[in-house]
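Presented below is the structure to which this report refers.
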Amino acid sequence: MRAARRTDRYHWAWHRWARYVAQRLILRPIVFSTTRVTVTGEGNLEGLRPPFVVVANHSSHLDAPLVITALPWRVTRHLATAVAADYFYRQAWRRTLTSFFFNSYPVERGRGKKREAGLSVTLLRENIPLAIFPEGTRSRTGEMAPFTPGAAALARALRVPLVPLALVGAHDAMPPGASWPKPGRLPVKVIIGKPIEARRGENLPDLNERLTTQVRHMLTNQTPYVVVPESAPSASSGHGEDQADDDAAPGGDEPTAGPGDPGGTADDDAARSGKTGEAPGDDPAEAPGTDGGGTKDGSGGRWRRWRRKNRTKDHTTSEAATGGPDDGGEEAGGHR
């Protein structure tokens, strides 16, 4: 008989139908009767298939109920919500309720040992979509904080789409410290953006910044139809798609951002010249033919760069020595 896995619960049919009762027949009427919920951008969910990662700003305990109840059931029927283990998993009764209402899984906060490390990766690999709040904690002011790179790292390593959501008005309707929405059915809005996928060669900071910018623009403009300027991957991110697949650590550990993340490579010319830390030929006083390593025929990368940086001076020197223009054909007064 197969040993039970820690992810078995997320596949049980009876648990899924119990969640339907908890989410659609209990939680949804409560949320929609205590607030005035508006959902925009549903068309951006067309064709969405698991696995994927739903990402939203976080300023209220109302956020997770909004995500679970406002999105279509076909999107949320398997959706697992990342929750703080130190808060929601400390007591058995709270852990059980959180499991049924949000299909939760624990995330350890802080720098201590992560007992559930790798669970996000495992769930995605088993086609369970995730809901993550990348700010890490609720905003006490309602202003969106920068996103931590965890969600973007998962999407980049496992090649799954990110579904950006902007939750507007939740902080006013149920601010931190409140245990129930304010009376008067304050308006809240759930804005669904177009799914984001990691581009080939895009490094983790660029993807995380693109995701953060998309959600922030949706919050500011209160519309899903926001065009974030396309930016080419930086020169340091040219590792390609194959390298990204290696970002998920062996054994199911969650990918994390760090100094070793692809994208932090040395300059290509420096790597070709066998040097790191500085580009060869950066010192304009270093003349060819010295220990600097240039070659007189101009074939070396250092010689070419030295010539480009000093071509005006070189042009003048060449004319004085030969009585004619420089044989290199470079025009004085060009780009320095």
Side-chain angles (χ1 to χ4, degrees), residues 7 44-45 47-58 67 75 78-82 105 107-109 114 116-136 144-166 192-218 226-266 268:
T7 59
N44 288 322
L45 298 174
L48 184 67
R49 297 290 182 269
F52 51 83
V53 180
V54 174
V55 173
N57 59 300
H58 194 25
V67 171
V75 173
H78 294 293
L79 189 68
T81 306
Y105 72 96
V107 174
E108 299 285 352
R109 297 190 288 191
K114 297 185 178 182
E116 296 292 339
L119 188 53
S120 297
V121 173
T122 303
L123 289 171
L124 286 172
R125 285 175 173 165
E126 295 180 8
N127 284 333
I128 301 296
L130 307 181
I132 296 177
F133 299 97
E135 290 169 89
M144 191 182 106
F147 284 176
T148 59
L154 288 168
R156 179 174 178 267
L158 301 179
R159 296 300 172 192
V160 298
L162 294 157
V163 182
L165 301 185
I192 307 168
K194 184 178 180 181
I196 296 173
E197 296 187 14
R199 305 189 189 109
R200 182 177 179 85
E202 184 174 31
N203 64 20
L204 178 57
D206 288 346
L207 176 60
N208 190 56
E209 177 62 25
R210 190 155 58 95
L211 174 64
T212 304
T213 301
Q214 177 76 8
V215 176
R216 195 182 300 278
H217 283 190
M218 290 162 57
V226 175
V227 178
V228 177
E230 297 284 338
S231 60
S234 62
S236 63
S237 63
H239 282 260
E241 188 171 354
D242 294 338
Q243 178 66 33
D245 294 335
D246 295 334
D247 289 340
D253 289 341
E254 296 186 37
T256 56
D261 180 72
T265 61
D268 288 340

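Values below: all heavy atoms of this structure, side chains included; hydrogens, waters and symmetry mates excluded. Remember, it's a predicted structure, so these values are computed and weren't measured experimentally.
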Checklist line | Pro51 versus Pro161, closest heavy-atom pair with distance | finding: O-CD, 3.6 Å

Note to self: So Val121 and Leu154, do their side chains get closer than 4.5 Å, heavy atoms only?
What the structure shows: yes

Check: Just how far is it from atom CG of Leu45 to atom CD1 of Ile192, taken to the nearest 0.5 Å?
Finding: 4.5 Å

Next item on the list: For side chain to side chain contact (heavy atoms under 4.5 Å, CB included), just list the numbers for Phe52 and Val75, CA-CA rounded to whole Å, side-chain angles, deciding distance to a tenth of an Å, and then say yes or no.
Entry: CA-CA 10 Å; Phe52 51 83; Val75 173; 3.8 Å; yes

Next item on the list: Provide the closest heavy-atom pair for Leu207 versus Arg156 in the form atom of the first, atom of the second, distance.
Entry: CD2-CB, 3.8 Å

Notebook entry, point to check: Rounded to the nearest 0.5 Å, what separation is found between the CG atom of Asn57 and the CZ atom of Arg216?
Noted result: 9.5 Å

Notebook entry, point to check: Looking at His58 and Glu135, what are the two nearest heavy atoms and their distance?
Noted result: N-OE2, 2.6 Å

Check: With a 4.5 Å limit on heavy-atom distance, are the side chains of Tyr105 and Leu130 in contact?
Finding: yes

Next item on the list: Could you please spell out the steps behind the side chain to side chain contact (heavy atoms under 4.5 Å, CB included) verdict for Val53 and Val160?
Entry: CA-CA 7 Å; Val53 180; Val160 298; 4.1 Å; yes

Note to self: Exactly one of Thr212, Val55, Leu211 should register a side chain to side chain contact (heavy atoms under 4.5 Å, CB included) with Pro164. Which one does?
What the structure shows: Leu211

Checklist line | Rounded distance [0.5 Å steps], CE in Met218 versus NZ in Lys194 | finding: 13.0 Å

Checklist line | Gap between atom OG1 of Thr122 and atom CD1 of Ile128 - 0.5 Å precision | finding: 11.5 Å

Check: Looking only at heavy atoms, what is the nearest atom pair of Ala82 and Val107, with distance?
Finding: CB-CG2, 3.7 Å

Checklist line | Which atom of Phe133 lies closest to which atom of Ala56, heavy atoms considered | finding: CD2-O, 3.5 Å

Note to self: Taking Ala152's backbone N and O only, do any of them form a donor-acceptor pair with Asn208's side chain (distance below 3.5 Å, no angle check)?
What the structure shows: no

Margin query: Could you check whether any side-chain heavy atom of Pro129 comes within less than 4.5 Å of a side-chain heavy atom of Val54, counting everything from C-beta outward?
Written below: no

Notebook entry, point to check: Looking at NE2 of His78 and CD of Glu126, how far apart are the two atoms once the value is rounded to the nearest 0.5 Å?
Noted result: 12.5 Å

Note to self: Rounded to the nearest 0.5 Å, what separates atom CD1 in Ile196 from atom CZ in Arg210?
What the structure shows: 5.5 Å

Next item on the list: Please tell me if the side chains of Val163 and Leu48 come closer than 4.5 Å, counting only heavy atoms from C-beta onward.
Entry: yes

Margin query: So which atom in Leu123 and which in Ala80 form the shortest heavy-atom distance, rounded to 0.1 Å?
Written below: CD1-CB, 4.3 Å

